[in-house]
Structures are given as C-alpha cells and as structure tokens.
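Working notes for the structure below.
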Number of protein chains: 2
Amino acid sequence: MKVKNNRLEALRMIISSQQLGSQEELLAALQKEGFRLTQATLSRDLKQLKVAKAASMSGNYVYVLPNETMYKRVSTPNSVREMMEVPGFLSINFSGNMGVIKTRPGYASSIAWNIDNSDIPQILGTIAGDDTIFIVIREGCSKREVTETLSRFIPNMK
Amino acid sequence: MKVKNNRLEALRMIISSQQLGSQEELLAALQKEGFRLTQATLSRDLKQLKVAKAASMSGNYVYVLPNETMYKRVSTPNSVREMMEVPGFLSINFSGNMGVIKTRPGYASSIAWNIDNSDIPQILGTIAGDDTIFIVIREGCSKREVTETLSRFIPNMK
DNA sequence: CCCAATTATGAATAAATATTCCTAACATGA
DNA sequence: TCATGTTAGGAATATTTATTCATAATTGGG
C-alpha cells in the first residue's frame, strides 16, 4: 500500500534526522508531514521498521534506526577460548564465487597468508587489506565445501 | 559501587548472549545469576547502559546493546555522504556480485574505510588499493539494491 | 466487476517501562 | 568519629507503548 510505505519512509527520514524520544513526538512529526495516524499504528510501524528506543548521551531517550551489528549475539560461553584459537578472525561470508573474511584490524594479511599456504584446492587465491580478506573460490566448489576445509584450521569459524 | 558494576556487567553479558524481550525476562536472568533487584532498578540500569529494545526478525522484541552507528544522524555528515563529497571519489560500477569504485590516487583506502564503517548490510566487504576499491555484494542483493541504499545518503546517485 | 482473503487502522485497553518520592547505604573530609 | 553530600534502590505510580478487538480498506483471482 502506497500510503503506508510513504509513511514508513517518512518515518525513517524523521528518525534519521531528528532526535525524538517518544511516540507522541514521532506522531507529531509525522502529522506535520501530513500523515494522519494514531499511536497504535505508529507502534506497529516502528516494530516493522525495527526501530529501537535507546538512551542518548544527554540522558533522554531517542529512537534509532536498526543496523546489522546490533543483532549480533556472541555464540557460547567458551567464546573466550575460541577467540584464542585464531586471533583476529571475525566472520566469513560468501557471495557468488567470492568469500569475504572480516578480521580485527591488522590481522587480515596473516590469516590470508595461512590460507594461501594451506594449499586448499577449492581456493584459487586471496587478497588481504587491513581487516578484510577476499577469497576467490574455484568454479564449481560450494561454500560449504570451502567452509568445511577452512574450519580445519579456523575452529571458531562455525 | 561494586554490586552495581557487577550487575551492569552481567546485564551486558546476558543481553549480548541471549535474546530477551522484556525487562521481566531480563530480571529473571539477572536473578538466576544471583542479583536481587526490581524492575525499577533494571530500567535505570538499561538506561545507563543505553540498551535499546528493538523488534527482531522473528516478530518479537529484543534488547540490544548500543553501538556507535545507531546514534548517527544525517545532520551530522554521514560517512557515505562524506565519501561522495570528498574530491577523491570518481566513479562506481558493478559487475556480477562485485562493485568497483575508482578514486583519485591515494584516496581509495580512506573511502573504503568509510564504506566499511557505514554498516551497509548489502556489502560484505571492501578491499582498497591505491585508486581502486573492490566491493563484494551480498548474494541476492542486486546492484540496484546497493545503489538504493547508497542513494539514501546520496540523492543524486539514482 | 465481485467476492474472498489479506492488510491496514483506530479505539480502548493491557502490558511494559520510566520516574517520583523516599529511605538507606556509602564515601569523604575535618 | 561525625556530619554531610552523593549514589543506589524499592514501592508506588505515571507514562509510554504494545496488543486486542473490531471495522474498513485494498488486493488478487475468477
């Protein structure tokens, strides 16, 4: 529905540009933009947009837009031990024939070196920045296959 | 005070490892850890820690720990916007699941840093040379989607 | 175009959360 | 030590926010 989507978009804009601390204030802002709705609907909109309310530095509350990192959960209680195993490793993701490893700043090249010297046939090559490694995967190899192989020396991978 | 700080630390741990959706649940979790307090105190703790409550993918609410980016307002120049305003940026083009940004010599790494820190979920990672940045795009995300996201910061990009 | 099914929404209300108002615990300097 | 300022925290309450229960609007076949 058009009206609703416009409203959601307006809501995003309002939240990303102003610091409002209650639904009442958001409601007023939306109404100033010409949208006619009640608090009930606004509450549902906020839920759909996954907008969060958090305390601000100034001691008030602010509505904030969601982002990837805020939903991240640490996996298990032995995560400290796991962290020791391959220091610096943060995450790995795939897209098409590429893998992207994120590391702590400065760790990328040493991890990439390890991968390069492990002679993994599924991996054609890597290139490392400061905290990111790009991996090019051999044609026809699945991500799972690569993950399995990599996890032999990155135990905290998954 | 010791008790309070321990409690706040425990609270952080609980929130970062579990998905709890109400103060009642958090309260129970804290009490299981041996802390004795009421909802009122918990509310104050949450405010102090700047913990936020947001809708999760599963349709419930979750408490989430704060992070830098969630407080960013577009009025305070956003990094992607900054990137586009920076004289180093030249062009962006896509091929398959990759994007290539050309910059003036020497500018690539700082622009890539800006992209990395903008928390764009469609972008898995970037690697910068001297005047070129490679971007890997999340699977299933079209370049159009990436441009959409960028155009939220750069109106004239679309 | 019509109907069924879905989606959106408001009013009222339930539920959750923040704050007010105290009191108690603690810290500190004389 | 005492006096005094400061922080912590509970009970009750005010405020805010989510949901329930209906209706209305909208969409997608046929």
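Letters A, B, ... are given to chains in the order of the sequence lines, protein chains preceding strands, and every chain is numbered from 1. What you see is a predicted model; the values in this text were computed from it and never measured.
The nearest whole Å value for the distance from the CG atom in B/Leu30 to the P atom in D/dG10 is 12 Å. Distance A/Glu24 CD to C/dA18 C1': 15 Å, rounded to the nearest Å. We find that CD of B/Gln23 is positioned 12 Å from C1' of C/dA15, with the value rounded to whole Å. At whole-Å resolution of the value, CG in B/Leu42 and C1' in C/dA16 are 12 Å apart. Rounded to whole Å, the distance from OH on A/Tyr61 to P on C/dA16 is 17 Å. Rounded to whole Å, the distance from CG on B/Leu27 to P on C/dT17 is 11 Å. Taking atom CD of residue B/Gln48 and atom C1' of nucleotide D/dT7, one finds them 11 Å apart after rounding to whole Å. Distance CG (B/Asn5) to C1' (D/dG9): 15 Å, rounded to an integer number of Å.
Using modelled atom types, one side-chain atom of A/Ser22 and one backbone atom of A/Glu25 make a donor-acceptor pair closer than 3.5 Å. Under the 3.5 Å distance criterion, the side-chain polar atoms of A/Ser16 are matched with a main-chain donor or acceptor of A/Arg12.
You'll find that the side chain of B/Ala40 is closest to D/dA11, out of C/dA18, D/dA11, C/dA16. Of the candidate nucleotides D/dA18, C/dT9, D/dA11, C/dT9 has the atom nearest to the side chain of A/Arg44. In the set C/dA18, C/dT9, D/dA11, D/dA11 carries the atom at the smallest distance from any side-chain atom of B/Thr38.
Contact annotation for B/Ser22: backbone-only contact, meaning every heavy-atom pair under 4.0 Å involves sugar-phosphate atoms and none involves a base.
Side-chain contact check for B/Val136 versus A/Phe134: some heavy-atom pair is nearer than 4.5 Å.
Taken together through direct or relayed side-chain contacts under 4.5 Å among Ile, Leu, Val, Met, Phe, Trp and Tyr, B/Leu42 and B/Leu65 form part of one hydrophobic cluster.
Between B/Ser43 and C/dT17 there is no side-chain N or O to OP1 or OP2 distance below 4.0 Å. Within the structure, a side-chain polar atom (N or O) of B/Lys53 is placed less than 4.0 Å from OP1 or OP2 of C/dT17. OP1 and OP2 of C/dG10 both lie 4.0 Å or more from every side-chain N or O belonging to A/Arg36.
Side chain B/Gln39 to base C/dA16: no donor-acceptor pair is found below 3.5 Å.
If you find the closest nucleotide of DNA chain C to A/Leu37 and to B/Thr41, the one lying nearer the 5' end belongs to A/Leu37.
B/Leu49 CG: more than 12 foreign heavy atoms inside a 6.0 Å radius.
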